[in-house]
Amino acid sequence: MEKSDVFVVSGLPRSGTSLMMRMLELGGLPVLTDGERTADEDNPRGYYELELVKKTKADPGWMRGAAGHVVKVISQLLPDLPPDHSYKVVFMRRHLDEVLASQKKMLQHRGEAERTEDQAMKEMFIAHLDETERWLRQASNMQVLYINYGRVMASPVEQAKRLANFLGVPVDVERMASAVEQQLYRNRVS
């Protein structure tokens, strides 16, 4: 690992980024999180977020301690990461109908109304993901591994091995796989 490598977990909200953060933490990698957003019924193992990430464009100071650590950065904020670091990005993909169902349930639990119809939101997500993947292909300081949430749930050990190969640092594959809890796959699309 180069001195400036930062491990980033990214994807759309509700795509499995918190599960991936937990997998990497159990695998032995230190995670950057502030614990401000606590576990709840939508993410019973926690969100693994660092609020400062949202302000990276204006103040990337939190990056000084990020080398060798894992941090969650939603896909919309990836372009804000400073170009003077190299990143290994684990990008979570999930069936968009599952993302939308999970988001809808989370909003209901919070008593918030949906502002956008599912089809319109799906089209926005598709356009955003296409744009993000194009941007990632051109980002010379980012290596990317795309991980499908459904495959993680179906084959956790196999996906943990893929992760270990990509990360290039010692991790505990079995402990990473142990983070996968089938009962938490609640918005499954057949």
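For clarity, every value in this text was computed on a predicted model and none was experimentally measured. We number each residue from 1, following the sequence as shown.
Arg22 meets the salt bridge (charged side-chain N to carboxylate O under 4.0 Å, His left out) test with no other residue; sequence neighbours excluded. Under the salt bridge (charged side-chain N to carboxylate O under 4.0 Å, His left out) criterion, Glu25 pairs with no residue at all, not counting sequence neighbours. Scanning for ring pair (Phe, Tyr, Trp, His ring centres under 6.0 Å) contacts around Tyr48 gives an empty result, with sequence neighbours left out. Residues forming a salt bridge (charged side-chain N to carboxylate O under 4.0 Å, His left out) with Lys55 (at least two apart in sequence, or on another chain): none. Considering only residues two or more places apart in sequence or on other chains, Pro82 meets the side-chain contact (heavy atoms from CB on, under 4.5 Å) condition with Thr56, Pro60, Met63, Asp84, His85, Tyr87. Residues satisfying the side-chain hydrogen bond (donor to acceptor under 3.5 Å, both in side chains) criterion with Gln138, sequence neighbours excluded, are absent altogether. Residues that satisfy the salt bridge (charged side-chain N to carboxylate O under 4.0 Å, His left out) test with Lys161, not counting sequence neighbours, are absent from this structure. Residues that satisfy the side-chain contact (heavy atoms from CB on, under 4.5 Å) test with His128, not counting sequence neighbours, are Leu12, Ser75, Gln76, Thr132.
Shortest non-hydrogen contact noted between Ala179 and Leu19 is O-CD1, 3.6 Å. Here the shortest heavy-atom pairing between Gly65 and Leu32 reads O-CD2, 4.3 Å.
A salt bridge is defined here as a Lys NZ or Arg NE, NH1 or NH2 lying under 4.0 Å from an Asp or Glu carboxylate O, and Lys122 with Asp97 meets this definition.
In terms of hydrophobic clustering, with Ile, Leu, Val, Met, Phe, Trp and Tyr side chains grouped at heavy-atom distances under 4.5 Å, Val31 and Leu29 are assigned to a common cluster. Cluster membership for Leu77 and Leu52, using ILVMFWY side-chain heavy atoms within less than 4.5 angstrom, is shared. In the hydrophobic clustering of this structure, Phe166 groups with Met21; members are Ile, Leu, Val, Met, Phe, Trp, Tyr whose side-chain heavy atoms approach within less than 4.5 Å, directly or through other members.
Using a 4.5 Å heavy-atom cutoff, the side chains of Met142 and Leu81 are in contact. Between Thr33 and Leu50 the shortest side-chain heavy-atom distance does not fall below 4.5 Å. Considering only heavy atoms from C-beta on, Leu145 stays 4.5 Å or farther from Leu167 through its side chain. Side-chain contact between Phe7 and Leu24 is absent, with no heavy-atom pair separated by less than 4.5 Å.
Just one of Leu78, Val8, Val9 meets the side chain to side chain contact (heavy atoms under 4.5 Å, CB included) condition when paired with Phe91; it is Leu78.
Atoms OH and CG, from Tyr146 and Leu136 in turn, are 4.5 Å apart once rounded to the nearest 0.5 Å. A distance of 15.5 Å separates CG in Asp59 from NZ in Lys54, rounded to the nearest 0.5 Å. Taking CG from Leu96 and OG from Ser15, the interatomic distance works out to 9.5 Å, rounded to the nearest 0.5 Å. Annotation: the span from Ile74 atom CD1 to Met92 atom CE amounts to 15.0 Å, rounded to 0.5 Å. The OH atom of Tyr149 sits 8.5 Å away from the CZ atom of Arg14 when rounded to the nearest 0.5 Å.
Residue pairs meeting the salt bridge (charged side-chain N to carboxylate O under 4.0 Å, His left out) criterion with at least one member in residues 64-73, sequence neighbours excluded, are Glu49-Lys72. Identified under the salt bridge (charged side-chain N to carboxylate O under 4.0 Å, His left out) test for residues 129-149, with sequence neighbours left out: Arg93-Glu133. Within the structure, side-chain hydrogen bond (donor to acceptor under 3.5 Å, both in side chains) contacts touching residues 164-175 (residues at least two apart or in different chains) do not occur.
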Which pairs of donor and acceptor atoms, one on a side chain in residues 152-159, lie under 3.5 Å apart (sequence neighbours left out)?
unit_1	atom_1	unit_2	atom_2	d
Gln159	OE1	Arg162	NH1	2.9

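When atom types are taken as modelled, the side chain of Lys88 and the backbone of Asp5 share no donor-acceptor pair closer than 3.5 angstrom.
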Does Val73 form a side chain to side chain contact (heavy atoms under 4.5 Å, CB included) with Val89? I'd like the steps, not just the answer.
CA-CA 9 Å; Val73 180; Val89 179; over 6 Å; no

